[in-house]
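Note that the coordinates shown come from a computational prediction; the quantities given were computed from them, not determined experimentally. Letters A, B, ... are given to chains in the order of the sequence lines, protein chains preceding strands, and every chain is numbered from 1.
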There are 2 protein chains.
Amino acid sequence: MAPVDTFAALADPTRRQVLDLLSRRDRAAGELGAAFPSVSQPGMSRHLRVLREAGLVRVREDGRHRLYSLRWEGLAAVDAWLSKYRDFWETELDSLESFLDSKAAEAPPPKHARNRKGRP
Amino acid sequence: MAPVDTFAALADPTRRQVLDLLSRRDRAAGELGAAFPSVSQPGMSRHLRVLREAGLVRVREDGRHRLYSLRWEGLAAVDAWLSKYRDFWETELDSLESFLDSKAAEAPPPKHARNRKGRP
DNA sequence: ACAATATATATCACGACTGTTATGCGTTTG
DNA sequence: CAAACGCATAACAGTCGTGATATATATTGT
């Protein structure tokens, strides 16, 4: 249930960009590979495998092409994980807003320097 | 703008569990370390550094303790990234729903809860 | 059937990350 | 002030993931 593998899959910038491309339209593996000159064909193939195993993309075969498409369930799993924290940070945001509102009229240039101690 | 480092920080299960603990209350570094017997003290210290540098937690010094707390901005960055896809998968969900609705007469219990609203 | 295309897998080198032990620095306590 | 505590950093070994080259498999076209 926990998206254990999913975050690892998302840790790679190339894979996130692949998802970005797939969010617009489905694409063949080669098309995706061509979009990343820095990645070789086998490299892209393995990235796609990781995304597949993480449940983030789906493949269908079209002749000698393999068309990849985004799988919303995969991303929804991340969203579900995130929702555990949503209550928390909305509360925090509310307090921040209250705080800012309370001194809103004072300082136009928000030059907010809170104290910062030893950072080597 | 892209939470490049953030997803890498979230890729580790231990770090995600740390965030989970911090979502309930702030904790000292040692307290967090004690929660993970499989991780040594320096190990936890470095996990905390990664989370710090990813902007996911914040530290304040309290005597000889270092109290860690969750930083909502960090998780909000993930949420922002995810929101790029939210339109997409809601569309997909809608088609799924239409599809299911079209054969809904057969299955009475509509127990699917899809209440996630986008955060503007 | 053969060649070309499209993609996946095998294998290997390397760099990054995780975990461990040892140590340093600041803080509290007796 | 010295000893103990809390935590961070240093240095190092093992592991995992990524990238590259070479090869295997399947499909289309001639």
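Contacts between residues 61-69 of chain A and DNA chain C, defined by a heavy-atom separation under 4.0 Å, are made by A/R64, A/H65, A/R66, A/Y68.
D/dC16 atom C1' lies 12 Å from atom CG of B/D12, rounded to whole Å. At whole-Å resolution of the value, CG in B/L51 and P in D/dA8 are 12 Å apart. Summarising the geometry, the separation between CZ on B/R49 and P on C/dC17 is reported as 11 Å, rounded to the nearest angstrom. Atom CG of B/D5 is separated from atom C1' of C/dC17 by 13 Å (rounded to the nearest Å). Atoms CG (B/L10) and P (C/dC17) sit 15 Å apart, rounded to a whole Å. Rounded to whole angstrom, the span from the CD atom of A/E53 across to the C1' atom of C/dT9 amounts to 12 Å. Atom CG in A/L32 sits roughly 14 Å away from atom P in C/dA6 (whole-Å rounding).
Between B/L10 and B/L19 the shortest side-chain heavy-atom distance falls below 4.5 Å. For the pair A/D12/A/H47, a side-chain contact is recorded, criterion being any heavy-atom separation below 4.5 Å from C-beta on. Between B/R16 and A/F7, the closest side-chain pair of non-hydrogen atoms falls below 4.5 Å. Residues B/V59 and B/R66 are in side-chain contact: their nearest non-hydrogen atoms beyond the backbone lie under 4.5 Å apart.
A donor and an acceptor atom sit less than 3.5 Å apart, one in the side chain of B/Q41 and one in the base of D/dA8.
A ring-centre distance under 6.0 Å is not found for B/W72 and A/Y85.
Between B/H47 and C/dG19 there is a side-chain polar atom (N or O) within less than 4.0 angstrom of OP1 or OP2. B/S40 has no side-chain polar atom (N or O) that falls below the 4.0 Å cut-off from OP1 or OP2 of C/dG19.
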Compile the donor-acceptor pairs under 3.5 Å between side chains in residues 25-41 of chain B and protein atoms, sequence neighbours left out, one pair per line.
from	atom 1	to	atom 2	distance (Å)
B/D26	OD2	B/R60	NH1	3.0
B/R27	NE	B/L21	O	3.3
B/E31	OE1	B/A28	N	3.3
B/S40	OG	B/G43	N	3.3

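Among the heavy atoms of the strands lying under 4.0 Å from B/R46 is at least one base atom, whether or not backbone atoms are also near.
Classification of A/D79 and A/R86 as a salt-bridged pair holds, one side-chain N sitting under 4.0 Å from a carboxylate O.
Closest to the side chain of A/L48, from the set C/dT18, C/dT7, C/dA8, is C/dA8.
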